[in-house]
Amino acid sequence: MEKKTWTQLWLDYKKTKTSEDLSFLTEIILHGFSEGHPVIQNTLSELQLGIGKILGAEPAVKPADECEGKADRGLVIIKDEELPEEGYKLKRTGQESVMLSASTEKGVLYGTFCLLRKLSLAEDLEDPDICTAPENPLRMLNHWDNMDGSIERGYSGRSFFFNNGEIIVNERTRDYARLIASIGINAVVINNVNVFGEATELITGRYAEPLRKMSEIFAGYGIRLFLSLNFASPIELGNLPSCDPLDPSVIRWWEEQMRTVFDNIPNLGGFLVKADSEGRPGPFTYGRNQAEGANMLAKVIKPYGGLVIWRCFVYNCRQDWRDRKTDRARAGYDNFHEMDGQFDENVILQIKNGPMDFQIREPVSPLFGGMLHTNEMLEVQIAQEYTGQQIDLCYLIPMFKEILSFRTYVKEQEDTVADIISGRTFGNRNTGIATVANTGDDSNWTGHDLAAANLYGFGRLAWDMNLTPEEIAKEWISQTYTLSPDAAKNVLWMLLHSREIYEDYTSPLGIGWMVNPSNHYGPSVNGYEYDRWGTYHRADHLGVGVDRTDKGTGYAQQYNEPNASMYNDPQTCPEELLLFFHRVLYRTRLKSGKTLIQHIYDSHFEGYEKAQELKKRWESIRDELPEDVYPRVLERLDRQISNAREWCDQVNSYFYRISGIEDEKGRTIY
Ligand code: GCW
């Protein structure tokens, strides 16, 4: 076996002091499931490893017939057809027995990871009595990995799926699958949504063997492999003159191609499609609408049980900055909501949040609650493209939680984003949540060691949207590090304050952008201002912000009431989104009593100061941290501090110069 050059993150099981003698867990009795099933095999080896390390004693599997399934000692794994597909039940059935029941092998796997988590966290097993099933049917990672090994917006090294035009399948593939299965992820797209070059050929026979192997490893952990698809494949691979989704020869081409792909990779879950977006081809090219494009593919792959996940990130990326009516925030809704009810059952619309593009603060996309008869999925991004790029600390779970709990008022109850994407609102099954992943081949997977909390947190939250950011962070911290309660509190403080800190020193009150256009890191207040991407802050000597009210672009009116009115009025618009929805004069007083300009100055100075506090807290726990982790994170915190300084200086001096208004506190603005 090759030497592992990567860590095991939260699965680095360590000997744990449990409050009672749990050695009975080393006897495993399997009932109703076959030891030979790949998922069960993997479950048993995880138990071997996990229990072995945590309790310090190797477990052994006892055949069920020896005890007729009625063992009063051990970990009894048993089939219970009543339980939901991916759910499980963990119950303390006696002094020396715990029962894990599930209706499927996947349920057993998830229940096992839950048990191991409880053991790692030294939680009481006195009466676990847990009965749970995932809220979201699809819990997905989207990797933007290219086949040359680079990763679009990747900040953790290179791809561990591809290198030099080839697919990599090795020990790391398995560890990756274990890691993400342990947090409940059940679907993965391995290649970039921008599909070009060799990636277009992933649906041909060329990569059949490694893809099948990978999909089998994934399937052993309950994960379905998905691919991103090039809508122009009929032209690029099939030499057809067009890829018009209504052209019979195009449809025929897809039918044949899809037969090949599903023959080659029977476990394939389906495809993620970025069409008519940022230069990628799509149905619009042929005067067809998005539903016609998506449904064509959906019909072709329906016989194989495949899903088409169709992104709604469709907008005009060739705008003129003088044009004040075209509004990029509107585009998703404008391009899709009228087609409500027209998408096939195996199509899911994947809606990026926010409506602009993964900024530190945006309102929730009005497509949630804007469509009643369409499968929807939420797309977030833990890759931190605009939120610090895994250099600056930014624990994103609080942001995701806000999105999920947003009330859309599409119904009187069960109307939050969480309700919609879990399928509760409309009773649909093809729904869920996806994130752009933050992993790469760095030894610690996520570049910034603390950014692993976002990966962990995404999975846990996707499973159970009631978990709080704090609960998740605590779980992650204590499974990852061995810390005293005080030290753990410091890490928790760092995670829980990081989003606010990042927001404070970057773009204010929901306006977004102000980043360097080349790489999206660091400040450039006007970097995007006169460009064609539709990303404007509209600052002049009097004020800043975009009027998205009924008198402006009308974006606020895309929401259901009372949200539409709430956003439309600067008095009721949540202040953190004020500049997203309104143009505000610098001397306007905010709820705090401060003027807008003073708020901008203060929050930037504060953000910079708090970035320094992050470092102080980290330094204070140096002795308790692993030798390699401490300096690695410290180095990033130093970079974050200089970034924060740069942001603070540039944003404050920009607004000082343009407004001519002095800082009330008389600080020097550089
Ligand atoms: O924000 C933009 C990114 C692109 C990305 C695009 C998308 C994959 O800058 O790199 O392309 O979003 O989400 O499709």
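Note that ligands are numbered from 1 as they come in the structure, with each ligand's atoms numbered from 1 the same way.
- Under the 4.0 angstrom criterion for non-hydrogen atoms, E385 is in contact with ligand 1.
- Geometric assessment of R172 against the ring of W445 yields a positive cation-pi assignment under the 6.0 Å and 45° thresholds.
- Partners of F262 according to the ring pair (Phe, Tyr, Trp, His ring centres under 6.0 Å) rule, which considers only residues two or more places apart in sequence or in another chain, are Y304.
- The proximity of Y386 to ligand 1, defined as any non-hydrogen pair under 4.0 Å, is limited to the side chain.
- Nearest-heavy-atom check against atom 1 (O) of ligand 1 across D357, N194, V314, N142 picks out D357.
- Of the heavy atoms in V436, none comes closer than 4.0 Å to ligand 1.
- Taking a cut-off of under 4.0 Å to the non-hydrogen atoms of R311, the atoms of ligand 1 that pass are 7 (C), 13 (O), 14 (O).
- Looking only at distances, a side-chain donor or acceptor of Q390 sits under 3.5 Å from a matching main-chain atom of T446.
- Among protein heavy atoms, the minimum distance from atom 6 (C) of ligand 1 is reached at E278 OE1, 3.2 Å.
- Between the side chain of N516 and the backbone N or O of Y521 there is at least one donor-acceptor pair closer than 3.5 Å.
- No side-chain donor-acceptor contact under 3.5 Å links Q384 and D392.
- For ligand 1, the atoms sitting less than 4.0 Å from at least one non-hydrogen atom of F313 are 6 (C), 7 (C), 12 (O), 13 (O), 14 (O), numbered in the order shown with element in parentheses.
- Nearest residue to atom 12 (O) of ligand 1 from H520, K352, R153, M356 is K352 (criterion: closest heavy atom).
- Assignment of N192 to the shell around ligand 1 is supported, since a heavy atom sits closer than 4.0 Å.
- In terms of modelled atom types and a separation under 3.5 Å, the side chain of Q650 and the main chain of S524 share no donor-acceptor contact.
- Taking every heavy atom of E152 and a limit of under 4.0 angstrom, the matching atoms of ligand 1 come to 4 (C), 5 (C), 8 (C), 10 (O), 11 (O).
- The side-chain tip of R361 does not point at the ring of F580 from less than 6.0 angstrom away and within 45° of straight on.
- Distances between N or O atoms of E379 and those of ligand 1 include no value under 3.5 Å.
- When only modelled atom types and interatomic distance are considered, N230 and E236 share a side-chain donor-acceptor pair under 3.5 Å.
- Atoms of ligand 1 found under 4.0 Å from any heavy atom of K274, numbered from 1 in the order shown, are 6 (C), 7 (C), 8 (C), 11 (O), 14 (O).
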